[in-house]
Amino acid sequence: MIERQVVWTKTAQGDLDSIVDYIATDSVENALSVLDRLQERAQSLVTSAERGRLVPELRVIDVHHYREIIERPWRILYRIEPERVLVFAVLDGRRDLSALLLERLVRS
């Protein structure tokens, strides 16, 4: 079993901060719970990064090096590298993500 360090990009950390801030306007307790869930889910990639599925919106255009895991309703997008797992985004899975994903991945 290969272990890799999980590293958050500034963009992904910004996504996480925005999610928590939004939820905290209603309930700080819920916001902290969501933060814990998302961080734990991402950290689970240390030993099992390959289990995430290829991002469907990218797979259809032959981009196969980005994966995702789901922590409903969010999607945690990442790329596996030799020594680390790089988290690129935490996105609301209820939105149409095709254009947003392409724009973000081109900028990264």
Side-chain angles (χ1 to χ4, degrees):
M1 175 176 4
I2 297 173
E3 288 196 14
R4 296 178 177 92
Q5 178 184 13
V6 175
V7 177
W8 291 71
T9 63
K10 288 181 184 180
T11 301
Q13 187 60 54
D15 291 340
L16 192 57
D17 293 345
S18 294
I19 291 165
V20 170
D21 289 347
Y22 178 78
I23 296 169
T25 61
D26 184 49
S27 168
V28 171
E29 183 178 314
N30 286 346
L32 294 174
S33 175
V34 167
L35 175 62
D36 286 344
R37 284 177 35 214
L38 290 169
Q39 288 177 327
E40 286 177 16
R41 188 74 164 151
Q43 193 60 32
S44 74
L45 297 169
V46 164
T47 57
S48 56
E50 293 82 4
R51 72 182 155 85
R53 71 178 182 174
L54 295 175
V55 178
E57 292 89 347
L58 298 175
R59 191 179 62 219
V60 298
I61 58 168
D62 290 329
V63 175
H64 299 282
H65 49 278
Y66 294 96
R67 294 180 173 269
E68 69 178 356
I69 53 174
I70 308 297
E71 182 61 40
R72 294 195 192 282
W74 298 282
R75 298 166 70 176
I76 301 170
L77 280 68
Y78 64 96
R79 182 177 70 208
I80 301 171
E81 297 181 346
E83 302 288 323
R84 65 186 186 167
V85 174
L86 192 57
V87 177
F88 281 99
V90 182
L91 304 171
D92 188 330
R94 298 167 290 195
R95 295 180 52 198
D96 177 13
L97 302 180
S98 297
L100 179 59
L101 287 176
L102 288 174
E103 176 186 325
R104 282 192 175 198
L105 294 175
V106 168
R107 284 189 286 153
S108 296

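Being a predicted model, the structure only gives us computed values, none of them experimental. Index from 1, following the sequence.
Interatomic distance, CG of Leu86 versus CG of Leu45, reported as 11.5 Å (0.5 Å rounding). Here the OG1-CD1 distance, from Thr47 to Ile2, works out to 11.0 Å after rounding to the nearest 0.5 Å.
In terms of the side chain to side chain contact (heavy atoms under 4.5 Å, CB included) criterion, residue partners of Glu50 (sequence neighbours excluded) are, by chain and number, Arg4, Ile80. Residues satisfying the side chain to side chain contact (heavy atoms under 4.5 Å, CB included) test with Glu40, not counting sequence neighbours, are Asp36. Arg59 is linked by a salt bridge (Lys or Arg N to Asp or Glu O under 4.0 Å) to nothing, counting only residues two or more places apart in sequence or in another chain. For Pro82, there are no side chain to side chain contact (heavy atoms under 4.5 Å, CB included) partners two or more places apart in sequence or in a different chain. For Gln13, the side chain to side chain donor-acceptor pair (under 3.5 Å) test picks out Asp17, with sequence neighbours left out. Take Ser48 and apply the side chain to side chain donor-acceptor pair (under 3.5 Å) test, not counting sequence neighbours, and it matches Arg51. For Glu71, the side chain to side chain contact (heavy atoms under 4.5 Å, CB included) partners at least two apart in sequence or on another chain are Arg37, Leu38, Arg41. Arg94 meets the salt bridge (Lys or Arg N to Asp or Glu O under 4.0 Å) test with Asp92; sequence neighbours excluded.
The two residues Val85 and Tyr78 make their nearest non-hydrogen contact at CG1-CD1, 3.4 Å.
Annotation: side chain of Val34 is in contact with side chain of Trp74 (closest heavy-atom distance under 4.5 Å). With a 4.5 Å cut-off on side-chain heavy atoms, Tyr66 and Leu77 do not count as touching.
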Going by atom type alone, with no hydrogens or angles, which donor-acceptor pairs under 3.5 Å involve a side-chain atom of residues 18-25 and a protein atom two or more places apart or on another chain?
from, atom 1, to, atom 2, distance (Å)
Ser18, OG, Gly14, O, 3.0
Thr25, OG1, Tyr22, O, 2.6

Exercise for the section: Before giving the answer on side-chain contact (heavy atoms from CB on, under 4.5 Å), spell out for Ile70 and Glu68 the whole-Å C-alpha distance, their side-chain angles and the decisive distance to 0.1 Å. Expected result: CA-CA 7 Å; Ile70 308 297; Glu68 69 178 356; 4.1 Å; yes

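Each of Leu54 and Val60 belongs to its own hydrophobic cluster when Ile, Leu, Val, Met, Phe, Trp and Tyr are linked at side-chain heavy-atom distances under 4.5 angstrom.
For residues 24-34, no pair satisfies salt bridge (charged side-chain N to carboxylate O under 4.0 Å, His left out), with sequence neighbours left out.
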